[in-house]
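Notes follow once the structure below has been shown.
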Amino acid sequence: MKEAEKILAGKGIRPTETRCTIYKYLKRKFYAITLREIEKTFIKKNDDNKTADRTTIFRTIKLFQEKGIVHQIDDGMAVAKYALSDEKGLDLHLHFHCTHCGNTFCLPNKVRRDSLPDKYEITDVNLVIKGLCIKCRKAKNTKRKTDQSDYKNLKLSR
């Protein structure tokens, strides 16, 4: 069994080819993505070549969210974005939204559970910091090209 299949099966999800492909796509992304971005990748213009339809993609993301594989991020831009979740469950970490390029990143900084009130039931967490990402800040300051390696320290440890 491949890694994607093991992870999906471990969460009680039947690892279909489409689900595994979407999982692998999300794993490669270093920033949170919208359903529209996923659709653009998987829905080809030629109907004979399409990988999945909008309904399948939407249901897959919602299933992944229910099972704790992805989490939804509301970065204030009126469109939900999704990123892979930490394996430990409720994602108590910060997000960073770049006001220049529009990308939203999961930051490794965690919020300690013991800093939350005991008598409250937490159902959702949305911690978003806004500013310029590494790429946009460097472009603004030095006009130097950046690549994906500039983001390596922002990825969640999975």
Side-chain angles (χ1 to χ4, degrees), residues 1-108 123-140 145-158:
M1 210 181 247
K2 295 178 183 174
E3 179 191 4
E5 292 172 344
K6 286 179 186 176
I7 289 169
L8 296 180
K11 294 283 189 173
I13 297 173
R14 189 169 53 89
T16 64
E17 182 180 344
T18 300
R19 289 173 179 167
C20 289
T21 303
I22 291 173
Y23 174 82
K24 288 186 255 184
Y25 173 75
L26 290 168
K27 190 162 177 78
R28 287 192 313 267
K29 290 299 182 181
F30 58 94
Y31 57 89
I33 57 173
T34 65
L35 279 171
R36 186 73 187 124
E37 289 174 277
I38 299 169
E39 289 170 1
K40 283 181 184 178
T41 301
F42 290 100
I43 299 174
K44 308 290 184 212
K45 292 187 185 209
N46 178 352
D47 282 339
D48 296 333
N49 232 0
K50 72 179 175 182
T51 311
D53 59 25
R54 286 184 171 151
T55 304
T56 302
I57 293 168
F58 176 78
R59 288 181 180 165
T60 298
I61 294 299
K62 288 303 175 186
L63 177 63
F64 284 6
Q65 190 177 4
E66 288 170 20
K67 298 292 187 171
I69 292 174
V70 300
H71 61 282
Q72 182 177 322
I73 304 164
D74 175 9
D75 60 10
M77 300 308 295
V79 177
K81 294 182 179 177
Y82 300 90
L84 282 182
S85 294
D86 188 340
E87 293 174 358
K88 296 173 183 143
L90 186 62
D91 280 300
L92 296 173
H93 64 269
L94 302 173
H95 297 97
F96 185 89
H97 175 75
C98 180
T99 55
H100 182 73
C101 68
N103 287 335
T104 301
F105 307 89
C106 292
L107 298 176
T123 57
D124 189 28
V125 177
N126 189 37
L127 306 166
V128 180
I129 299 169
K130 295 183 180 189
L132 293 176
C133 70
I134 296 166
K135 180 179 176 182
C136 293
R137 184 172 163 230
K138 284 184 179 179
K140 178 183 171 188
K145 280 191 168 184
T146 58
D147 59 23
Q148 190 167 346
S149 66
D150 288 323
Y151 295 98
K152 68 181 176 187
N153 295 328
L154 296 181
K155 285 188 175 182
L156 284 176
S157 55
R158 291 187 175 92

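Closest approach of F64 to L26, counting heavy atoms only: CD2-CD1, 4.1 Å. Across Y82 and Q65, no two heavy atoms sit closer than the pair CE2-OE1, 3.8 Å. Between I61 and V70, the shortest heavy-atom distance links the atoms O-CG2, 3.8 Å. Contact detail for L132 and C98: the closest heavy-atom pair is CA-SG, 3.9 Å. Taking all atoms of both residues into account, the shortest heavy-atom contact from Q72 to A80 is NE2-CB, 3.4 Å. Nearest heavy-atom pair, K81 versus T34, reported as atom, atom and distance to 0.1 Å: CG-CG2, 3.8 Å.
Listed by chain and number, the residues in a salt bridge (charged side-chain N to carboxylate O under 4.0 Å, His left out) with E66 amount to none (sequence neighbours excluded). Qualifying side chain to side chain donor-acceptor pair (under 3.5 Å) partners for R36, counting only residues two or more places apart in sequence or in other chains: E39. Residues passing the side chain to side chain donor-acceptor pair (under 3.5 Å) test with T60, sequence neighbours excluded: none.
Look at K29 and E37 and you find no salt bridge, because none of the NZ, NE, NH1 or NH2 atoms lies under 4.0 Å from a carboxylate O.
One distance of note links OH of Y23 with NZ of K2; it measures 14.5 Å at 0.5 Å rounding. Expressed to the nearest 0.5 Å, how far CD1 of I57 lies from OG1 of T21 amounts to 10.5 Å. Between T104 atom OG1 and I33 atom CD1 the span is 11.5 Å, to the nearest 0.5 Å. Note that the OG1 atom of T41 and the CD1 atom of I22 stand 10.0 Å from one another [nearest 0.5 Å]. Separation of atoms CD1 (I7) and CD1 (I69) is listed at 8.0 Å; rounding is to 0.5 Å. Of the inter-residue distances, the one linking D75 atom CG with F105 atom CZ reads 11.0 Å to the nearest 0.5 angstrom.
The aromatic rings of H95 and H71 sit tilted, their planes meeting at an angle between 30° and 60°.
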Review point. Between C106 and I73, does a side chain to side chain contact (heavy atoms under 4.5 Å, CB included) hold up when you go through it step by step?
Key: CA-CA 9 Å; C106 292; I73 304 164; 4.2 Å; yes

